[in-house]
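Worksheet: one structure, shown below.
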There are 2 protein chains.
Amino acid sequence: MTDGTDESEMPAEPTQALRFGQARLARSTALVEDYVELIADLLASGGEARSTDVAKRLGVTHPTAIKSIARLKREGLATSKPYRGIFLTEAGHELAHKVRARHRLLVELLLAIGVPLEAAEADAEGMEHHASEATLAAAAGFLAARKHRPDE
Amino acid sequence: MTDGTDESEMPAEPTQALRFGQARLARSTALVEDYVELIADLLASGGEARSTDVAKRLGVTHPTAIKSIARLKREGLATSKPYRGIFLTEAGHELAHKVRARHRLLVELLLAIGVPLEAAEADAEGMEHHASEATLAAAAGFLAARKHRPDE
DNA sequence: ACTTAAATGTAGCCTTGGCTACATTTAACC
DNA sequence: GGTTAAATGTAGCCAAGGCTACATTTAAGT
Ligand SMILES: [Mn+2]
Ligand SMILES: [Mn+2]
Ligand SMILES: [Mn+2]
Ligand SMILES: [Mn+2]
């Protein structure tokens with residue numbers, strides 16, 4: 001009884017380590033994704049994205065927002081001249097597009113299984129960063145199938 | 001055209017700030033939850049939870065694991081005597097139980113919509129920390145309904 | 001028993017992402 | 001146009017969570 005578990009395949013340790021590592025990586029990119037998505041939203045609706053608005057929307061102080069935006073610039077996702085608004089590079093826009101698609105898909109999925117709207121939006125804001133391509137594809141497929149069988 | 005969006009209710013800024021704040025909070029508790037769940041697993045299967053095993057399973061170095069375990073102790077979730085294994089307090093066991101339930105439910109949900117097992121496990125490892133009670137309840141309900149209508 | 005290896009612990013460094021406090025610049029308002 | 005308010009920027013602090021390097025203790029081997 002060296003182990004106790006009764007599985008015959010799967011070594012457990014390395015596999016699980018990879019999963020956790022993947023989750024850690026997703027956590028570290030989550031912030032960048034949220035900023036880019038939000039900035040894109042502000043640009044699309046208001047025409048400009050000011051750091052104060054970004055800070056207010058995220059619920060952080062403006063120095064925090066500015067520091068994070070500096071990271072976006074460092075990673076080639078955004079640009080800004082002093083005392084001017086923030087703009088997205090081509091890479092930034094592409095990322096924003098992907099992130100927004102994930103966000104919407106996750107919300108749709110949650111709504112489809114019966115989660116109330118506000119909870120769906122709040123949970124999706126966190127979960128979106130951990131949804132792999134496989135999960136997104138499955139969600140899309142599930143929702144498409146749902147549309148064909150609309151009741152229930 | 002001061003705003004562009006066409007919603008009449010919902011101020012947007014404070015609501016969204018709350019969502020982001022909730023996601024940030026979940027990120028900060030994710031680590032604790034993963035440790036507690038993992039330690040409970042090790043205790044259940046092997047009888048003891050050693051820091052080296054915890055580190056290996058998580059894919060971090062052992063000093064990192066020890067430091068995080070110190071946080072668990074500080075928060076009253078675990079105990080340990082020098083050069084001995086790690087144990088969970090009553091609060092630790094309770095949290096582990098809740099976290100494991102969330103984990104399993106999320107995996108089940110992903111499998112149900114057609115996500116392959118490994119992707120489901122990996123994604124759930126990150127998403128589980130962002131699933132509200134409302135989402136968990138909806139997922140449980142959805143899965144229960146599925147069981148009654150098993151095909152397709 | 002002694003030697004060696006493994007596990008555990010400690011120290012110190014780094015980055016990220018929060019914050020407050022203060023300085024500067026731009027915009028609003030007489 | 002001068003004064004005030006708001007936005008923006010900078011500096012510096014802190015905690016969390018990673019890491020490497022080294023010290024100590026326990027367990028294994030012979
Ligand atoms: Mn998000
Ligand atoms: Mn989002
Ligand atoms: Mn997890
Ligand atoms: Mn888990």
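No hydrogens, no waters, no symmetry mates; every other heavy atom, side chains included, goes into these values. The sequence lines fix the lettering, A, B, ..., with proteins before strands; numbering per chain opens at 1. In this text the structure is predicted, and so the values were computed from the model without any measurement.
Look at CD on A:Glu75: it is 8 Å from P on C:dT16, rounded to the nearest Å. Across the protein-nucleic acid pair, B:Arg27 atom CZ and C:dG17 atom C1' stand 9 Å apart, rounded to whole Å. Separating the NZ atom of A:Lys67 from the P atom of C:dG18 is a distance of 10 Å, rounded to the nearest angstrom. Atom CG in B:Leu31 sits about 15 Å away from atom P in C:dG17, given to the nearest Å.
Side-chain N/O atoms of A:Ser68 include none lying less than 4.0 angstrom from OP1 or OP2 on C:dG17. Note on A:Arg71: a side-chain N or O is less than 4.0 Å away from OP1 or OP2 of C:dG17.
The nucleotide range of DNA chain D contacted by chain A, defined by atoms under 4.0 angstrom from heavy atoms of the protein and reported 5' to 3', is D:dA7 to D:dG18.
Between the side chains of B:Glu121 and B:His103, a donor-acceptor pair is found at a separation under 3.5 Å. With hydrogens and angles left out, the side-chain atoms of A:Thr79 and A:Lys73 include no donor and acceptor closer than 3.5 Å.
The minimum heavy-atom distance linking A:Leu88 with A:Val36 is given by the pair CD1-O, 3.9 Å.
Comparing A:Arg24 and A:Asp53 along DNA chain D, the residue whose closest nucleotide (by nearest heavy atom) sits nearer the 5' end is A:Asp53. Where B:Arg74 and B:His62 each meet DNA chain D at their nearest nucleotide, the meeting point lying more 5' is that of B:Arg74. Residue A:Ser28 is the one, among A:Arg84 and A:Ser28, whose nearest nucleotide of DNA chain C lies closer to the 5' end (criterion: closest heavy atom).
Listed by chain and residue number, A:Arg71 satisfy the salt bridge (Lys or Arg N to Asp or Glu O under 4.0 Å) test with A:Glu75 (two or more places apart in sequence, or in another chain).
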